[in-house]
Amino acid sequence: IEDFGTFNSFEKKYRLQGLDYGVQFDISVDGSDWLYDPNSWDDFDMWDQDSIPDGLPVKEYFGLCWHDNLTNMSLLDPSSLNNNPGIMEGCYDEGDDDNWGYIYLDDHTINTRYRYFIEYNPIDDLDEDGERVGLRYVWSDWSDEVSFGKDGNYIPLKMPETFSAPVISEIHFDDEGALYHHVSFAEDITDTELSLYVNGGAFQPIYYYTEACINDPSEKNFFEAYTANPVWMSDGNRMSDLSDYEDDIILDDDLRILFRGSLVSELLEKTSDYGYAVPQVKGLKASKVKNNQMKLSWKAVEDADFYEIYDSDNKLVATTKKTNYTVKKLKANTKYTFKVRAVYNKNFVGLFAKVSKKTKK
């Protein structure tokens with residue numbers, strides 16, 4: 001390859017591109033053969049092409065930098081597959097036109113297994129005409145078998161009493177002004193969603209709900225900040241929409257956004273606590289109290305750019321990069337309340353921590 005202009009540094013170093021990964025599912029119904037036939041499909045020469053071989057059981061991409069514990073699986077008839085990667089079609093036909101596409105688990109047993117794959121395109125893998133041949137795959141071993149239905153060994157999970165709040169981090173605006181953040185979910189959340197899918201067939205048993213509060217130190221006026229793919233209980237970067245805000249957002253140093261998310265399951269009538277994109281200040285206390293001043297101190301918030309101190313009337317008192325600040329020019333024998341919050345990435349804030357203290361006479 002002489003022209004490297006179209007390849008980035010990673011691709012040049014490792015001599016490949018198109019790196020992606022995902023999962024392949026296979027099924028067996030009522031003890032029949034697995035759909036994946038190793039005698040015909042494990043010839044790796046056949047993977048030197050962009051098309052997917054006829055009859056290949058379903059596979060689904062996770063996408064770059066994604067981790068997803070839940071992937072839907074169709075019950076496939078090899079003769080009716082459409083062979084496009086990431087698309088699952090076909091059914092196990094019960095012979096009843098009114099119930100096409102359904103199988104009743106009270107009467108049948110379905111065994112499943114899966115394996116992971118990495119998809120890549122070697123830069124130096126050329127044919128006789130000097131053209132790159134195409135995609136190649138590396139596969140893991142098959143997983144242990146799990147079955148559900150009439151004689152299945154699958155044990156439904158016990159529904160949790162409460163949901164863990166989502167963990168939100170790395171919130172930022174990109175160069176074009178789009179809002180992104182990273183979110184991750186507890187393992188019991190994805191396990192619960194999988195159990196609900198298998199046992200209840202619910203379309204969206206759990207979804208991710210996000211809100212924002214903009215330029216409001218009272219922390220009262222939240223509105224929905226729709227986040228893409230809210231039904232994906234997967235770790236990764238998400239884009240959120242702030243267009244429901246009543247004013248046009250100006251991306252300057254004065255913009256302050258309190259961003260939070262929760263998990264909602266209308267099916268289970270459960271809602272998690274909120275997870276916040278910026279941690280709340282901890283350990284706030286007032287010390288060295290005199291008749292006209294007091295020292296505020298708190299624990300550092302990781303990756304905070306600076307801190308803001310407000311009074312009880314939501315008036316900004318000061319900003320500081322330190323984890324302490326001395327408030328001066330106070331009245332003697334007077335009770336004061338101060339609030340401190342962390343500011344991350346210039347525009348994003350955590351919840352306020354509050355402290356009240358009376359000055360000396």
Side-chain angles (χ1 to χ4, degrees), residues 61-68 70 72 86 163-185 189-190 193 202-267 269-280 301 303-308 310 314-316 319 339 341-352:
Y61 290 101
F62 286 148
L64 287 173
C65 304
W66 285 86
H67 169 67
D68 198 337
L70 174 67
N72 292 323
F163 286 161
S164 299
V167 178
I168 305 172
S169 60
E170 303 175 24
I171 190 165
H172 65 282
F173 288 105
D174 68 6
D175 293 338
E176 298 179 354
L179 177 61
Y180 283 88
H181 65 280
H182 187 278
V183 63
S184 60
F185 305 96
I189 295 297
T190 50
E193 188 177 40
F203 171 65
Q204 49 180 39
I206 302 174
Y207 63 91
Y208 176 47
Y209 177 77
T210 49
E211 294 180 324
C213 181
I214 297 182
N215 294 333
D216 179 19
S218 72
E219 302 178 338
K220 292 181 179 180
N221 299 307
F222 283 90
F223 65 93
E224 181 179 1
Y226 178 81
T227 295
N229 303 311
V231 297
W232 288 4
M233 296 296 104
S234 57
D235 294 359
N237 292 320
R238 304 289 180 90
M239 184 173 69
S240 297
D241 181 12
L242 301 181
S243 62
D244 285 345
Y245 185 55
E246 60 184 13
D247 301 316
D248 291 334
I249 296 175
I250 300 175
L251 298 181
D252 59 19
D253 290 345
D254 295 326
L255 177 65
R256 295 292 180 267
I257 300 176
L258 179 61
F259 187 90
R260 67 186 185 182
S262 64
L263 291 171
V264 179
S265 175
E266 296 175 349
L267 179 66
E269 298 182 345
K270 294 180 184 294
T271 300
S272 76
D273 292 335
Y274 285 106
Y276 287 81
V278 180
Q280 185 179 24
V301 174
D303 295 328
D305 294 328
F306 57 92
Y307 303 90
E308 294 181 331
Y310 282 72
N314 294 321
K315 181 181 178 180
L316 180 64
T319 63
K339 309 188 297 183
R341 67 184 180 184
V343 182
Y344 171 81
N345 241 343
K346 295 183 179 181
N347 301 125
F348 302 97
V349 297
L351 286 171
F352 278 113

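Among residues two or more places apart in sequence or in another chain, the side-chain hydrogen bond (donor to acceptor under 3.5 Å, both in side chains) test is passed with Asp305 by none. Here Tyr209 pairs with nothing under the ring pair (Phe, Tyr, Trp, His ring centres under 6.0 Å) rule; sequence neighbours left out. Partners of Ser262 according to the side-chain hydrogen bond (donor to acceptor under 3.5 Å, both in side chains) rule, which considers only residues two or more places apart in sequence or in another chain, do not exist here. Checked against side-chain hydrogen bond (donor to acceptor under 3.5 Å, both in side chains), Tyr208 has the following partners two or more places apart in sequence or in another chain: His181. Taking Tyr274 as the reference, nothing meets the ring pair (Phe, Tyr, Trp, His ring centres under 6.0 Å) condition, with sequence neighbours excluded. Applying the side-chain contact (heavy atoms from CB on, under 4.5 Å) rule to Pro279 yields the partners Val301; only residues at least two apart in sequence or on another chain are considered. Applying the ring pair (Phe, Tyr, Trp, His ring centres under 6.0 Å) test to Phe223 and every residue at least two apart in sequence or in another chain returns Tyr245.
To the nearest 0.5 Å, the span separating CD1 on Ile257 from CG on Asn215 amounts to 8.0 Å. Rounded to the nearest 0.5 angstrom, His182 NE2 and Ile168 CD1 are separated by 11.5 Å.
A donor-acceptor pair under 3.5 Å links the side-chain atoms of Ser265 to the main chain of Pro205, judged by distance alone. Between the side chain of Asp244 and the main chain of Ala225, no donor-acceptor pair closer than 3.5 Å is present. When atom types are taken as modelled, the side chain of Ser272 and the backbone of Leu263 share a donor-acceptor pair closer than 3.5 angstrom. At least one donor-acceptor pair closer than 3.5 Å links the side chain of Arg256 to the backbone N or O of Asp253.
The side chain to side chain donor-acceptor pair (under 3.5 Å) analysis of residues 169-180, with sequence neighbours excluded, yields no pairs. Residue pairs meeting the salt bridge (charged side-chain N to carboxylate O under 4.0 Å, His left out) criterion with at least one partner in residues 208-221, sequence neighbours excluded, are Glu211-Arg260.
Closest heavy-atom contact between Ile189 and Ser164: CD1-N, 4.1 Å.
Contact annotation: the side chain of Phe222 approaches that of Leu258 to within less than 4.5 Å [non-hydrogen atoms, C-beta and beyond]. At least one side-chain heavy atom of Phe185 sits under 4.5 Å from a side-chain heavy atom of Asp235.
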In residues 342-351, what donor-acceptor pairs under 3.5 Å come from side-chain atoms, sequence neighbours left out?
| from | atom 1 | to | atom 2 | distance (Å) |
| --- | --- | --- | --- | --- |
| Asn345 | ND2 | Ile171 | O | 2.9 |
| Asn347 | ND2 | Asp252 | O | 2.8 |
| Asn347 | ND2 | Leu255 | O | 3.2 |

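Heavy atoms of other residues, nucleotides or ligands lying less than 6.0 angstrom from CD1 of Ile250 number 12 at most.
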